[in-house]
Amino acid sequence: GELVHAEPQQLLRGPQGRLVLTAAMPRVRGFSVIELMIALAIVAITMSLAVASYRGHVLRAHRAEAAHALLAAAAEQEKFHLAHGRYGERLDGVAGSEPPALPVASSTPHGRYRLAVEFADAAGYLIVARPAESHADPLCARFSFDESGRREARDREGRDSTARCW
């Protein structure tokens, strides 16, 4: 009689049409070590690119915070100039303070940058923003804005990085 079921062997027809039992290849399920290593390498490369991209976006957001704070301080300088005939020399002012100061905080809302008035008189001013931590952003270590609207940025070594930072 014919065999109905055979494992791990298979039934095949031989050269003369007879049924022949042969050893079947065992079914292997899962992944080989090489396949796992390739998958891990792909994940590692993708993660390194994603982390670098994320870091770039975070730095740009921090730079935007510094730029926004400088522009807000510049607007307050113009108001101060209209009221007092000169630009303000100090930040962190409150109503009625003597001598009068700009009602602008000396740090950005999240505390990442410190603002300061480096120069102010009746004709002009220069406001700067520096990272609160010296290692925060080596490419944009100093932002500045003056009465003429000139924006400038410098890296940690003092080189011009205005185009990148503003």
Please lay out, stage by stage, how R90 and V117 fare under the test side chain to side chain contact (heavy atoms under 4.5 Å, CB included). CA-CA 6 Å; R90 298 180 320 126; V117 178; over 6 Å; no
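- For the side-chain contact (heavy atoms from CB on, under 4.5 Å) test, residues two or more places apart in sequence or in another chain that qualify with H81 are Y87.
- For the pair A74 and Y125, the tightest heavy-atom approach, listed with the atom from each and the gap, is CB-OH, 3.3 Å.
- Of all non-hydrogen atoms in A105 and L91, the two that sit nearest each other are O-CD1, 4.3 Å.
- Inter-residue side-chain proximity for S144 and R151 is flagged as unmet; no heavy-atom pair is nearer than 4.5 Å.
- Summarising the local packing, CZ of F31 is surrounded by 12 or fewer heavy atoms from other residues, nucleotides or ligands at distances under 6.0 Å.
- E118 is not listed as a side-chain neighbour of I127, based on a closest heavy-atom distance of 4.5 Å or more.
- The two residues E89 and A120 have their closest heavy-atom pair at OE2-O, 3.7 Å.
- Identified under the side-chain hydrogen bond (donor to acceptor under 3.5 Å, both in side chains) test for residues 66-76, with sequence neighbours left out: E76-K79.
- The shortest non-hydrogen separation linking P109 to E65 is N-OE2, 3.7 Å.
- The two atoms that bring F80 and G88 nearest to each other are CD2-N, 3.2 Å, heavy atoms only.
- The shortest distance between side-chain heavy atoms of V104 and D92 does not fall below 4.5 Å.
- The CD1 atom of I42 lies 12.0 Å from the CE atom of M37; values are rounded to the nearest 0.5 Å.
- Between atom CZ of residue R150 and atom OG1 of residue T162 there is a gap of 10.0 Å, rounded to the nearest 0.5 Å.
- Atom SG in C140 sits 3.5 Å away from atom CZ in R63 (nearest 0.5 Å).
- A donor-acceptor pair is defined here as one N or O able to donate and one able to accept, closer than 3.5 Å; no such pair exists between the side chain of R156 and the backbone of R142.
- At distances below 3.5 Å, at least one donor-acceptor pair connects side-chain atoms of E35 with backbone N or O atoms of S32.
- For L49, the CG atom sits in a packed shell: over 12 heavy atoms of surrounding residues, nucleotides or ligands are nearer than 6.0 Å.
- A salt bridge is defined here as a Lys NZ or Arg NE, NH1 or NH2 lying under 4.0 Å from an Asp or Glu carboxylate O, and D121 with R86 fails to meet this definition.
- Side-chain atoms of W166 and L70, non-hydrogen and from C-beta on, do get closer than 4.5 Å to each other.
- Side-chain N or O atoms of T108 include one that pairs as donor or acceptor with a backbone N or O of Y113 at under 3.5 Å.
- Clustering ILVMFWY residues whenever any of their side-chain heavy atoms sit less than 4.5 angstrom apart, transitively, puts L59 in a cluster other than the one holding V51.
- Listed here is the closest heavy atom pair of G93 and A101: CA-CB, 3.6 Å.
- Scored by the side chain to side chain donor-acceptor pair (under 3.5 Å) test, R159 finds D155, E157 as partners (sequence neighbours excluded).
- Side chain of D137 to main chain of A141: no donor-acceptor pair is present (N/O by atom type, distance under 3.5 Å, no hydrogens or angles).
- In this structure the side chain of E152 never reaches within 4.5 angstrom of the side chain of F145, judged on heavy atoms.
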